[in-house]
Structure formats: structure tokens, C-alpha cells
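What follows is a short report on a single structure.
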Amino acid sequence: MTLAKAHHGKIPATVITGFLGAGKTTMIRNLLQNADGKRIALIINEFGDLGVDGDVLKGCGAEACTEDDIIELTNGCICCTVADDFIPTMTKLLERENRPDHIVIETSGLALPQPLVAAFNWPDIRSEVTVDGVVTVVDSAAVAAGRFADDHDKVDALRVNDDNLDHESPLEELFEDQLTAADLIVLNKTDLIDASGLKSVRDEVASRISRKPTMIEAKNGEVAAAILLGLGVGTEGEIANRKSHHEMEHEAGDEHDHDEFDSFVVELGAISDPAAFIDRLKGVIAEHDVLRLKGFADVPGKPMRLLIQAVGSRIDQYYDRAWAAGEPRGTRLVVIGLHDMDEAAVRAAISALL
Ligand SMILES: Nc1nc2c(ncn2[C@@H]2O[C@H](COP(=O)(O)OP(=O)(O)OP(=O)(O)O)[C@@H](O)[C@H]2O)c(=O)[nH]1
């Protein structure tokens with residue numbers, strides 16, 4: 001019997017959710033580097049066909065979580081592939097000789113946490129693991145900018161063309177569903193807004209949910225491991241009372257999907273002037289309302305690859321690691337937007353930046 005089992009009976013699992021670019025991976029990276037000696041297994045799920053988050057976390061070299069302890073689920077959103085992907089992954093993890101002390105699951109930014117948490121009630125899982133808590137990371141700057149409230153006009157326009165669109169607004173609904181599932185809400189990116197902005201964000205977040213989970217503030221996802229990994233809730237027993245919009249609308253149980261969102265990968269050659277590229281990329285993102293763009297770029301003469309991270313038109317960039325021997329250099333960027341985003345136009349506009 002492992003130490004974790006001896007102490008707690010079941011292995012605790014923390015589900016980390018939050019909209020695209022809110023800061024989930026950044027928070028987990030910080031957690032792994034300050035894990036208080038805990039051995040953590042990490043399950044990462046990303047939207048889009050390019051495993052950027054896993055790559056970033058594998059590169060952080062934290063002892064708490066070696067590359068073997070990082071499992072990437074790439075077959076779509078974890079909430080839609082619970083039976084096919086998540087349960088078998090958990091089963092395999094639990095069969096390991098060297099079990100982790102704690103399991104951390106990063107959902108994709110578009111995932112509904114409810115079906116994932118409910119899966120912990122499957123008998124084989126329930127007897128071995130409990131959900132320590134659901135942590136919802138919020139991009140405070142995006143909330144302050146009205147990201148989750150300001151696209152009613154757009155949704156109304158979509159609805160004119162699509163009678164079946166039963167949602168209020170895909171972003172708003174998802175935002176609320178992720179908050180509804182929370183045991184702890186982390187208001188992240190507080191460095192990007194002032195005190196009065198933060199107060200409005202708090203009020204807005206509180207107004208979106210009927211329960212009152214604890215809300216804390218953070219920048220760069222800096223939250224102590226003892227807080228993140230010590231919620232002790234057993235959320236699988238409570239999730240039935242935290243229904244998503246989808247569950248409330250479709251009690252009969254039809255499947256949900258993420259048709260409102262779309263993603264594709266743009267492959268380019270080398271970028272010789274990254275500063276100019278990124279500057280002009282901001283224009284493309286704003287013009288086409290790209291929600292999230294991330295990936296790696298090849299800069300000629302540089303031994304390292306450039307990580308590009310855009311959340312709306314805010315773009316971060318840094319050289320994250322050297323290109324490995326034999327690794328083909330190139331630029332690959334995943335682009336995520338609402339389903340009416342004009343893929344051909346975005347591809348052409350990004351390619352024209354070179
Ligand atoms: N200014 C600022 N930037 C932040 C903060 N936290 C994260 N970021 C940046 O925001 C961008 C997105 O962060 P991630 O941690 O990748 O976000 P995520 O939620 O994992 O994104 P997805 O997995 O794509 O949904 C990165 O460029 C981060 O460096 C913060 O507190 N302040």
C-alpha cells in the first residue's frame with residue numbers, strides 16, 4: 001500500500017478548469033515547482049491538435065512530476081470522451097505500481113467539468129479516488145473587458161441563421177458552467193487590472209453562481225500547494241447539484257458537443273523578424289476575433305524555439321527550450337475561435353505576415 005493510500009484511503013484528484021488562456025497551465029507549472037514533496041500525476045487535455053500545454057509542463061523539469069507522470073489526452077475535450085479516454089487512463093494510472101500521492105487534471109479551456117467529475121462515481125474509480133476539489137481559474141482581465149458578456153449581438157446574429165442554437169452565448173454559458181462546478185475560484189491575472197476593476201470582477205463572478213465557493217486572487221497562478229491540493233471536498237458526491245446549462249436544458253441526456261468552437265493548426269516556415277510578426281499578428285487576432293492562439297516558432301539563427309501565447313490580442317512570447325537534435329524546426333500555431341471564424345481568411349492572413 002502506498003503512503004497516499006495509507007493516509008487517505010483514496011487518492012485525491014484535483015480538477016483544474018477555466019476558459020481558454022485563463023492561466024491553468026501556468027498555475028499547474030507553479031504548483032509542480034512548489035509541491036511540498038508530493039508526487040503528482042498530471043492528466044492534461046487540450047482543445048486543438050497541438051499539445052502545447054503538455055510540452056510546456058514537461059519542459060519545467062519539476063521533480064514532483066516527471067515526464068512519465070504527465071499523460072496527455074488529445075482525442076477532443078475530456079468531457080466528451082469520458083468513457084473512451086478518461087476512464088481507461090485513470091484505470092491504467094491506478095494499476096501502476098508506484099501510485100501518485102495526488103492526481104491533477106487540467107481540462108481543456110472549453111470543457112464542461114460536470115461530466116468529468118461525475119465520472120469519479122464510476123464504481124472502479126470511486127473505490128480508489130476522490131475529487132479533492134474543482135478549481136476554476138478566471139482570467140480577471142478578460143472578465144473586466146467584458147469577454148464573457150459582450151457577445152450577445154453576435155449570438156443573436158448567429159441565431160437568426162440557426163434556429164437550433166439553444167444557448168444564450170457560448171462563451172458566457174461555458175464561463176458560468178465552469179464557475180458552477182467550482183469548489184475554489186482563482187481570480188488570476190490580477191496584475192492586469194486595478195483594484196476597482198478587480199472588485200467588479202469579483203461582483204460579476206459572484207453574480208453568475210448561486211453557491212458561494214471561496215474566491216482567491218492570484219497572479220501568474222501563484223497559489224500555495226496546500227490550498228490547491230487541500231480542499232478535501234469529495235466533489236463527485238455533490239456534482240449532481242451543480243448542473244451545467246446543457247444538463248438543465250437536456251435532462252433527457254442527449255450528448256453535448258463543442259460545435260460553437262473551432263480550431264485548426266497553421267504551419268509556417270521560419271519567422272525572421274518575430275517582433276514584427278507578433279505585432280501584426282495582434283491585428284489578425286483582433287480582426288477575426290480569434291479567442292486563443294498558441295504554438296512554437298522557428299526563428300533563424302536561434303538555437304531555441306519561440307513559444308507564442310495569445311489570449312485575445314494579448315501576446316506573450318519567450319524562448320522555451322532548444323530544438324532537440326533531429327527535431328524538425330518549423331512554426332506551428334493552433335488557432336481557436338468561435339465556429340463562424342473564417343478559417344481560410346485567418347490562415348491566409350497569418351501566412352501573409354511572414
Ligand atoms: N499577465 C499575466 N499573464 C498570465 C497570468 N497567468 C497566465 N498568464 C499568461 O496567459 C497566457 C495563457 O496562460 P496558460 O497558463 O497557458 O492558460 P491556460 O488556461 O492553460 O490556456 P489553455 O490551456 O489554452 O486554455 C500565457 O501567456 C501566460 O503566461 C497572469 O496572472 N498575468
Side-chain angles (χ1 to χ4, degrees), residues 14-33 42-60 70 72-74 76-79 104-113 134-145 147-148 170-171 174-175 177-179 182 185-194 197-198 201 216-223 228 258 261-265 278 281-282 285 290-297 306-320 332-337:
T14 299
V15 174
I16 299 190
T17 190
F19 192 65
L20 297 166
K24 299 177 291 295
T25 308
T26 307
M27 190 170 83
I28 291 171
R29 188 181 174 138
N30 180 68
L31 170 71
L32 297 183
Q33 286 163 340
L42 191 56
I43 298 177
I44 308 173
N45 173 232
E46 232 174 316
F47 190 77
D49 297 329
L50 193 61
V52 177
D53 294 357
D55 228 61
V56 166
L57 290 166
K58 280 178 190 161
C60 80
I70 300 181
E72 292 176 82
L73 298 185
T74 49
C77 259
I78 199 167
C79 54
V104 171
I105 302 161
E106 177 183 354
T107 75
S108 92
L110 300 180
L112 299 181
V134 175
V135 178
T136 302
V137 185
V138 170
D139 180 338
S140 304
V143 175
R147 194 40 146 163
F148 303 101
L171 262 66
L174 188 58
F175 179 58
D177 287 343
Q178 292 176 339
L179 291 174
I185 295 174
V186 177
L187 301 179
N188 191 37
K189 304 198 185 179
T190 53
D191 55 310
L192 298 180
I193 52 171
D194 62 15
L198 191 54
V201 170
I216 59 172
E217 295 161 13
K219 70 171 167 37
N220 293 320
E222 287 161 8
V223 180
L228 281 183
H258 302 279
F261 299 93
D262 212 351
S263 90
F264 54 90
V265 175
I278 283 168
L281 184 60
K282 285 182 187 162
I285 288 173
V290 170
L291 295 170
R292 183 86 167 98
L293 179 150
K294 56 185 172 177
F296 304 100
L306 184 68
L307 176 63
I308 297 178
Q309 289 263 23
V311 181
S313 48
R314 248 199 82 78
I315 305 186
D316 288 336
Q317 44 158 325
Y318 63 91
Y319 289 94
D320 84 314
R332 301 189 77 214
L333 303 169
V334 64
V335 180
I336 306 175

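When a ligand or atom number is given, it counts from 1 through the structure's own listing order.
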Do [X] and [Y] make a side-chain contact, defined as non-hydrogen atoms from C-beta onward lying under 4.5 Å apart?
X	Y	result
E72	K58	yes
V52	L307	yes
F47	V334	no

Using a 4.0 Å heavy-atom threshold (strictly under), name the region of [X] that reaches ligand 1: side chain, backbone, both or neither.
X	result
N220	both
K294	side chain
I336	neither
V311	side chain

At a 4.0 Å threshold, what atoms of ligand 1 neighbour a non-hydrogen atom of [X]?
X	value
R292	12 (C), 14 (P), 16 (O), 17 (O), 21 (O), 22 (P), 24 (O)
L192	1 (N)
D53	23 (O)
D316	9 (C), 26 (C), 27 (O), 28 (C), 29 (O)
D191	1 (N), 2 (C), 30 (C), 31 (O), 32 (N)
A22	17 (O), 19 (O)

(message) For V138 and F175: C-alpha separation, side-chain torsions, deciding distance, then whether side chain to side chain contact (heavy atoms under 4.5 Å, CB included) applies.
(response) CA-CA 9 Å; V138 170; F175 179 58; 4.2 Å; yes
(request) Calculate, to the nearest 0.5 Å, the distance between atoms CG and CG belonging to D320 and L306 respectively. (result)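 Going from the CG atom of D320 to the CG atom of L306 covers 8.5 Å.
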(message) With rounding to the nearest 0.5 angstrom, report the NZ to CG distance, K189 to N220.
(response)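 Between K189 NZ and N220 CG, I get 9.5 Å after rounding to 0.5 Å.
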[X]-ligand 1 polar pair, N/O distance under 3.5 Å:
X	answer
E46	no
G23	yes
A218	no
T190	no
S108	no
E106	yes

What is the closest protein heavy atom to [atom], and at what distance does it sit?
atom	result
atom 18 (P) of ligand 1	K24 N, 3.4 Å
atom 15 (O) of ligand 1	T26 OG1, 2.5 Å
atom 6 (N) of ligand 1	N188 ND2, 3.1 Å

(request) Could I get the full list of ring-ring contact (aromatic ring centres under 6.0 Å, His included) partners for F261, not counting sequence neighbours? (result)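 F261 satisfies ring-ring contact (aromatic ring centres under 6.0 Å, His included) with no residue once adjacent residues are dropped.
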(message) Please determine whether the number of non-hydrogen atoms from other residues, nucleotides or ligands lying under 6.0 Å from atom NZ of K219 exceeds 12.
(response) no
(request) Please step through side chain to side chain contact (heavy atoms under 4.5 Å, CB included) for the pair L291 and L171, ending with a clear verdict. (result) CA-CA 10 Å; L291 295 170; L171 262 66; 4.0 Å; yes
(request) Look at atom 10 (O) of ligand 1 and find which of E222, R314, K189 reaches it with the closest heavy atom. (result) K189
Throw together a table of side-chain donor-acceptor distances under 3.5 angstrom for residues 14-30, partners on residues two or more places apart or in other chains.
unit_1: T14; atom_1: OG1; unit_2: H102; atom_2: NE2; d: 2.7
unit_1: T17; atom_1: OG1; unit_2: T107; atom_2: OG1; d: 3.1
unit_1: K24; atom_1: NZ; unit_2: G18; atom_2: O; d: 2.8
unit_1: K24; atom_1: NZ; unit_2: F19; atom_2: O; d: 3.0
unit_1: T25; atom_1: OG1; unit_2: D53; atom_2: OD1; d: 3.4
unit_1: T25; atom_1: OG1; unit_2: D53; atom_2: OD2; d: 3.1
unit_1: T25; atom_1: OG1; unit_2: E106; atom_2: OE1; d: 3.2
unit_1: T25; atom_1: OG1; unit_2: E106; atom_2: OE2; d: 2.9
unit_1: N30; atom_1: OD1; unit_2: N34; atom_2: ND2; d: 3.3

(request) Might you work through the side chain to side chain donor-acceptor pair (under 3.5 Å) test for R292 and Q309, ending with a clear yes or no? (result) CA-CA 8 Å; R292 183 86 167 98; Q309 289 263 23; 2.8 Å; yes
(message) As a test of understanding, state which of I185, V223, L228 forms a side chain to side chain contact (heavy atoms under 4.5 Å, CB included) with I216.
(response) V223
(request) Grab the two heavy atoms, one from A182 and one from T136, that are nearest each other, plus how far apart they are. (result) CB-OG1, 3.2 Å
(message) Could you check whether any heavy atom of G18 sits closer than 4.0 Å to an atom of ligand 1, since that is the contact criterion I want to use?
(response)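 Distance cut 4.0 Å: G18 fails for ligand 1.
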